[in-house]
Colleague: 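If you scroll down you'll find the structure; I have some questions about it.
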Amino acid sequence: MKFRTCNTVEITYGGKTLLAHNAVLNVKSALSQNLAYAKYVVMGGGGGGAAAAKTAVLTDVNASVTRGKLFARYTAALAPDECAGAEFSFFGLSADAQTLFNRADFPPLIKEEGKELSVSITVWIELSEGAAGRLFGGDNPLVRFLLGEKPLPDQIECVRGTCDALNAPHNRALAPSAYYPASAVFNSESLTLTAAVPASVPEVIITAGRVPVLRAFVRENRVGQTLYTAAVNADRTVSLPCADAASVVSVTGSDGTFYPDARLFHGAGRLFKTADKVSFNAGRGAEFSGDYLCEYAAVSMRNELMTMRADADGPKTSYRVVYGGGGFMTCAGGYLALFGDNLQIYGPDGAKTEYPAASGGAQNVIVNEGNVFHYVTASPGGKVCRYKIANGAVTLLDAAERGQGVKIFRAGFLIGIYGAGVCHLASAAGVNGPKSAALADVLDSCGEIESVTFGDDCALVKTAVGEFDKLVTFDGGDILEVAKAPVTVSRGGLFVIGGAVKRLAEFNRSTRALAIAPGDLDTPDIKDACALGRDLLVLTADGAVDTYYRSRNGAYLFCPNFTYPSTVQALVRPRAAFSGNVTASFTVSF
């Protein structure tokens, strides 16, 4: 990590204010000796020596990389009766009231009796590209050291962390089971912090005085390749037994079919508040919509929609469009659909296309599969229309009366249509699509249904009556009872349950109980959550949107062209397995 220290010196005297900007004069010398170079404000001139030295008062500071620019402001003053007749032409900071570690020169001024002279020196740090990611969020002792406030504590240690976020600062509680010794070596150009922890760890955290200051990631090496054979689920996903899969080399079906478009996803894991990413207020009534691949999302913001895309560095905003209500949905590939009298589809670049031949209904669902859109509408009376949109042309596939109780919903890259006791899962590629017998049984037995939402390998059916909602698993067709609560199901097994973002841990097939992992994020006013890449967007009841990072848990393959039921062989490159000690070394260049 490299940084540069700069400062602004402000002098107030006789009703006038003078400013000077410059790089800190000799910060390397001070830091290499572990000195607090801003302990004193030195004022001098005339014959070139120091005429006065006052203890610096820290009046403002930001030592957390998660809150913006890192800076400290120091002040000092000469009382009206101090140093009368002395000449001042330079001001600076010092560790010992004599040696200057920065200096700003001004036109000479004579201190008169009865006039106060005040000095304000603001020091800030400019970090090199990407360096901020390795600083730990929160009040950081290393930052305070670099800003000249206080020496680095003698107690330098390390702990094993649990987050595998790459080069990103995080705010989170640190409750280590053990501390391990670390070393701090100062030289004329840098500070090197080195630590070793036993066994396999996703993260090493350096602490100073038992406060976390830096983090390193040790699971970035790739080793070997492993071949897994696994069954394809009904939603075209494959659950891999390797939680730490890094990438997919190849995927081949049991019939020899090669699937070049198979993608790798990771489950929920733990959630960490992520700094310097998407954070804003969308207003009350805001809603999320994300695509099945967790690559794109949109959020309604008062009278407009804002689209976002997943990026290695976190969510990135794309474009905004005017929105007057009527419903919207994000599709794979970065497409945004607005429902109304005419269907409107915005491309990843924000270009709009209208389709007058496809008019909206009371319920609207759309999916994109290979740039072919499957659009389904349902009227209040139960008429269901299915459209296929390809190459700019709209084709009405069929229109059928399904009764007033018909429900349509998105099931991954498929669309579910339930009515008259039958549930169909249809796609743009197939007219009829597969039937889900277990889901149909649940829908048929639940009476009035509020909604059906899909996660990995399961569907949650919210019922209007009774004590429980129903969770249907696809791999075994199990039907589990879930206590009624405001629940949203997202990919990766994420649930929003009664204001808490939790994750699906396992199904107990003998007791037919649902196990939920302890809440990683529990806030009473959480309304919804939307996965976007390795991050999670969280929406509160008052419209606040914040970003949380999802560390790895389970691994999944997804491909819309998987054959079901079948098995596939996936050649996967796992993350490195470590034994013995893992060593992390940080170099902070002055």
Side-chain angles (χ1 to χ4, degrees), residues 62 64-70 132-133 137-139 165 168-173 268 270-291 294-330 334 336-339 344 346 348 350 451 453 485-492 494-502 519-550:
N62 174 36
S64 174
V65 70
T66 62
R67 295 200 300 263
K69 179 182 287 189
L70 302 171
D139 192 356
H170 290 268
N171 288 337
R172 65 184 189 275
R270 293 186 61 191
L271 296 175
F272 300 103
K273 181 69 174 292
T274 308
D276 300 330
K277 293 191 178 181
V278 170
S279 180
F280 59 91
N281 194 296
R284 287 189 173 273
E287 296 180 339
F288 278 152
S289 174
D291 76 299
C294 305
E295 294 176 338
Y296 297 90
V299 59
S300 59
M301 300 177 60
R302 300 174 180 89
N303 298 319
E304 64 181 3
L305 296 173
M306 184 176 73
T307 62
M308 290 171 282
R309 58 181 174 80
D311 185 84
D313 295 326
K316 293 290 187 293
T317 58
S318 296
Y319 59 86
R320 302 188 183 198
V321 300
V322 176
Y323 178 61
F328 66 99
M329 190 167 284
T330 306
L336 173 66
L338 273 64
F339 308 125
Q344 301 176 33
Y346 290 82
S451 64
T453 51
V487 179
T488 299
V489 184
S490 301
R491 275 199 61 83
L494 290 169
F495 285 71
V496 177
I497 303 180
V501 176
K502 299 180 183 291
D520 292 313
L521 182 61
D522 196 345
T523 304
D525 62 349
I526 291 177
K527 177 183 178 182
D528 200 0
C530 179
L532 196 59
R534 289 283 295 281
D535 294 282
L536 181 71
L537 298 176
V538 173
L539 175 67
T540 62
D542 63 0
V545 178
D546 284 305
T547 305
Y548 289 79
Y549 182 86
R550 302 185 301 154

Colleague: For G290 and C530, which heavy atoms make the closest approach, and how far apart are they?
Modeller: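 Closest heavy-atom pair between G290 and C530: CA-SG, 3.8 Å.
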Colleague: L536 and Y549: side-chain contact (heavy atoms from CB on, under 4.5 Å), yes or no, with the steps?
Modeller: CA-CA 6 Å; L536 181 71; Y549 182 86; over 6 Å; no
Colleague: For F339, which residues count as a ring pair (Phe, Tyr, Trp, His ring centres under 6.0 Å) partner, sequence neighbours excluded?
Modeller: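 In terms of ring pair (Phe, Tyr, Trp, His ring centres under 6.0 Å), with neighbours along the sequence ignored, F339 is linked to Y375.
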Colleague: Mind checking side-chain hydrogen bond (donor to acceptor under 3.5 Å, both in side chains) for E295 and listing every partner two or more places apart, or none if nothing turns up?
Modeller: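 E295 satisfies side-chain hydrogen bond (donor to acceptor under 3.5 Å, both in side chains) with R263 only.
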Colleague: Tell me the closest heavy-atom pair linking G314 and D535, and the distance in Å.
Modeller: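 For G314 versus D535, the nearest heavy atoms are CA-OD2, 3.3 Å.
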Colleague: Does some side-chain heavy atom of F288 sit less than 4.5 Å from a side-chain heavy atom of V545?
Modeller: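 Yes - at least one pair of side-chain heavy atoms lies under 4.5 Å apart.
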Colleague: Got a salt bridge between D311 and K316, using NZ or NE/NH1/NH2 to carboxylate O under 4.0 Å?
Modeller: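 Salt bridge flag = yes for K316 with D311.
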Colleague: Can T547 and L537 be said to form a side-chain contact (heavy atoms from CB on, under 4.5 Å), step by step?
Modeller: CA-CA 5 Å; T547 305; L537 298 176; 3.7 Å; yes
Colleague: Looking at every heavy atom in both T330 and A297, which two are closest together, and how far apart are they?
Modeller: OG1-C, 3.8 Å
Colleague: Determine the minimum heavy-atom distance between L336 and A298, stating which atoms define it.
Modeller: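 Nearest heavy atoms, L336 then A298: CD1-CB, 3.9 Å.
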Colleague: With the side chain counted from C-beta on, respond yes when L305 and L338 share a heavy-atom pair under 4.5 Å apart, and no when they do not.
Modeller: yes
Colleague: For a 4.5 angstrom cut-off between non-hydrogen side-chain atoms, does M308 reach V278?
Modeller: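 Sidechains of V278 and M308: in contact.
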Colleague: Start with the C-alpha gap between S279 and D546, add the side-chain angles, then the distance that decides, and say whether side chain to side chain donor-acceptor pair (under 3.5 Å) holds.
Modeller: CA-CA 5 Å; S279 180; D546 284 305; 2.7 Å; yes
Colleague: Of all residues at least two apart in sequence or in a different chain, which pass the ring pair (Phe, Tyr, Trp, His ring centres under 6.0 Å) check with F328?
Modeller: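 Applying ring pair (Phe, Tyr, Trp, His ring centres under 6.0 Å) to F328 gives Y323.
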Colleague: Nearest heavy-atom pair of P315 and L532: which atoms, and what distance?
Modeller: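 Between these two residues, the closest heavy atoms are CB-CD2, 3.7 Å.
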Colleague: Check step by step if side-chain contact (heavy atoms from CB on, under 4.5 Å) holds for M306 and T317.
Modeller: CA-CA 7 Å; M306 184 176 73; T317 58; 3.8 Å; yes
Colleague: Side chains of S64 and D139 only: does a donor on one sit below 3.5 Å from an acceptor on the other?
Modeller: no
Colleague: How far does OG of S318 sit from OH of Y296, to the nearest 0.5 angstrom?
Modeller: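 One finds 7.5 Å between OG of S318 and OH of Y296.
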Colleague: Which heavy-atom pair separates N281 from M301 by the least distance, and what is that distance?
Modeller: O-CE, 4.4 Å
